[in-house]
Amino acid sequence: MYTYQNPETIEKTYSLAKGLYAAYGINTDKVIRFAADIPVSIHCWQGDDVTGFEGASELSGGGIIATGNYPGRARNGDELRADAEFAFSLIPGKKRFNLHSMYAETTGLRSSGKKVPRDELDPEHFKNWMAWSKKKKIPLDFNPSLFAHPMADSGFTLSSANPKIRDFWIRHCKASRNIAAAFGANQGSPSVVNTWIPDGSKDLPADRLSPRLRLRDSLDAIFDVKLDAKIITDAVESKLFGIGSESYVVGSHEFYLGYAASKQIRLCLDTGHFHPTETIADKISSTLLFVPGLLIHFSRGVRWDSDHVVTYSDDLRDVCREIVRQKCLDRIDFALDFFDASINRIAAWVIGSRSMRKGLLEAMLEPVKLLTDAEKAGRNHERLALMEEFKTLPFNAVWDKLCLEANVPVGTGWLDNVAEYEKRVLCNRI
């Protein structure tokens, strides 16, 4: 139904675009190679609606929810890996894969089929993932799962007033760091392990300080053991509010910014975790003055942190431009974080991933030196005029060339691939 563009036509339009960018000092051939070489960590939980492999039929608890019932959800590790591989074949550029601890595969291991508590997970429970990672040359990132669990029912985990609950989650986060370190050693590059908690209050608390003191002490216990930076990168993630924590979130942006700066670990900025009118683009240059690097989770909130599929939006483009303009690509880890069960899950992966890569490519095609030269000379009218002119340069022709060189479908052609996979594979899971 959807047509694949003729490579000859792509080359012709690219040649014209290449000349226009060259007039502004941009070598599009180099930019394509550079943009495709930046790894983007694609999240496993879009493929199964954040259900995991612990026996749950749907996500529950922790202030997050996947809505919809589109057919074909992955039900086990083999299906999830197969779906991811198929999605990868339609997405250009370097990729990583991001796991939550609830995607452990414990059947047939020394646990003898018994359910393994989250605080007792170890690298053995992810041996299938590590073997797949090495075979496919797809590095893995990791997240402790502090939600959808009886020990999170109170709405408090690492900041809980109950020491038994708090200690359980401390052990879980320590185990998660060890698993991430095993990933890093296996794949030869650091595994980014990101800690996010849902802790908070639905209504106004009388004591905002005590939970934050407990969270600080819990994090100190978790990060007390120093692990090799060559195999693991630690990050902590804030949130403005969540379902069931509308009035108070323990791990606020201010809390984690201070904590990350004091411990010199990475700060995670999730594009959906701030006020709907707030963009994180302006936070990048400020936070990088005080933390060693940033993990950025690209999501799309609609009226609230609703984790819609990432699109090629102004917010995404602003963040990418800011990173390129400040020349801090080497201090940023890029990741996706959304889950939509109302549409084809593989298409959601492809749309979000291609939009992310488009944002990076467009930002790298901007003639930043011309902008900064005009600004330094006080010619701000010229700076504004150039910004406006660059918006309409033939970026799409360069994007098509990037996809062609990556051997993935150009334009909307990939929709036919997804339709065929849905008919052949996904529909048989119903």
Side-chain angles (χ1 to χ4, degrees), residues 2-38 40 91-93 271 277 279-282 284-285 296 298 300 309-329 332 334 350-406 408-415:
Y2 295 95
T3 58
Y4 291 78
Q5 293 190 39
N6 187 313
E8 184 177 344
T9 302
I10 294 171
E11 293 289 0
K12 286 181 178 179
T13 54
Y14 173 68
S15 178
L16 294 172
K18 181 178 179 178
L20 289 171
Y21 278 102
Y24 291 104
I26 300 296
N27 184 323
T28 54
D29 291 338
K30 288 184 178 179
V31 170
I32 286 173
R33 289 192 295 271
F34 191 24
D37 202 46
I38 295 174
V40 174
I91 300 168
T271 58
T277 62
T279 176
I280 71 167
D282 188 49
I284 292 169
S285 59
I296 297 185
F298 286 86
R300 179 167 59 99
V309 177
V310 166
T311 60
Y312 182 60
S313 66
D314 286 344
D315 284 347
L316 181 147
R317 297 165 71 194
D318 285 344
V319 172
C320 291
R321 277 195 291 261
E322 181 65 14
I323 291 169
V324 172
R325 287 174 181 175
Q326 305 310 321
K327 300 179 181 178
C328 58
L329 279 163
I332 306 292
F334 295 91
V350 178
I351 294 166
S353 300
R354 288 171 73 114
S355 296
M356 176 77 256
R357 188 72 60 182
K358 281 181 182 178
L360 288 171
L361 176 66
E362 183 194 34
M364 293 178 187
L365 287 169
E366 185 180 61
V368 177
K369 188 176 186 305
L370 294 181
L371 296 177
T372 54
D373 285 350
E375 185 171 271
K376 290 175 182 177
R379 300 191 305 273
N380 292 340
H381 63 286
E382 184 176 320
R383 177 192 62 190
L384 183 60
L386 290 170
M387 284 181 174
E388 289 300 294
E389 185 66 23
F390 299 158
K391 289 177 181 178
T392 54
L393 288 178
F395 154 72
N396 200 60
V398 186
W399 167 251
D400 288 346
K401 173 68 170 175
L402 184 152
C403 290
L404 184 68
E405 292 196 352
V408 302
V410 177
T412 57
W414 62 269
L415 287 167

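Hydrogens, waters and symmetry mates are skipped; everything else that's a heavy atom, side chains included, is used. For the single chain, residues carry numbers from 1 onward in sequence order. Worth saying up front: this structure is predicted, and the values here are computed from it rather than measured.
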- Task: Output, in order, the C-alpha distance, side-chain angles, deciding distance and verdict of salt bridge (charged side-chain N to carboxylate O under 4.0 Å, His left out) for D314 and R317.
- Result: CA-CA 5 Å; D314 286 344; R317 297 165 71 194; 3.5 Å; yes
- Item | Evaluation steps, side-chain contact (heavy atoms from CB on, under 4.5 Å), between V324 and E366 | CA-CA 9 Å; V324 172; E366 185 180 61; over 6 Å; no
- Check the pair R325 / E322 against salt bridge (charged side-chain N to carboxylate O under 4.0 Å, His left out), numbers first and verdict last. CA-CA 5 Å; R325 287 174 181 175; E322 181 65 14; 5.1 Å; no
- Task: Could you walk me through whether L316 and V310 pass side-chain contact (heavy atoms from CB on, under 4.5 Å), step by step?
- Result: CA-CA 8 Å; L316 181 147; V310 166; 3.2 Å; yes
- Message: Could you go through I91 and R357, starting from their C-alpha distance and side-chain angles, then the distance that decides it, and tell me whether this counts as side-chain contact (heavy atoms from CB on, under 4.5 Å)?
- Response: CA-CA 9 Å; I91 300 168; R357 188 72 60 182; 5.8 Å; no
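One finds the CG atom of N27 at 10.5 Å from the CG atom of L365 (value rounded to the nearest 0.5 Å). With rounding to the nearest 0.5 angstrom, the CD atom of E382 is 10.0 Å from the CG atom of N380. For the atom pair CG (D318) and CZ (R321), the distance works out to 5.0 Å, reported to the nearest 0.5 Å. Rounded to the nearest 0.5 Å, atoms CD1 (I323) and CG (L360) are 7.0 Å apart. To the nearest 0.5 angstrom, D315 atom CG is 7.5 Å from T271 atom OG1. Once rounded to the nearest 0.5 Å, the distance linking CD1 of I32 with CD of E405 reads 5.0 Å.
Summarising the geometry of P7 relative to L404, their closest heavy-atom pair is CB-CD1, 4.2 Å, with the distance given to 0.1 Å. The shortest non-hydrogen separation linking M364 to F34 is SD-CD2, 4.0 Å. For the pair P92 and R354, the tightest heavy-atom approach, listed with the atom from each and the gap, is CD-CG, 4.0 Å. Taking both residues in full, the closest heavy atoms of G411 and D400 are given as N-OD1, 4.4 Å, listed atom of the first, atom of the second, then distance.
For the pair V40 and S353, the minimum side-chain heavy-atom distance is 4.5 Å or more. Between L16 and P394, the closest side-chain pair of non-hydrogen atoms is not below 4.5 Å. With a 4.5 Å cut-off on side-chain heavy atoms, I296 and V319 count as touching. Residues V31 and Y21 form no side-chain contact, since every pair of their non-hydrogen atoms from C-beta on lies 4.5 Å or further apart. Side chains of F395 and L361 form a contact here, defined as non-hydrogen atoms less than 4.5 Å apart.
The aromatic rings of F298 and F334 lie parallel to each other, their planes meeting at an angle below 30°, with 60° marking the opposite boundary.
A distance-only check finds no donor-acceptor pair linking the side chain of S15 to the backbone of E11 [under 3.5 Å]. Here the side chain of T392 pairs a donor or acceptor atom with the backbone of E389 at under 3.5 angstrom.
Results of the side-chain contact (heavy atoms from CB on, under 4.5 Å) test with V398 over I26, T13, L393, T28 single out T28 as the only residue that passes.
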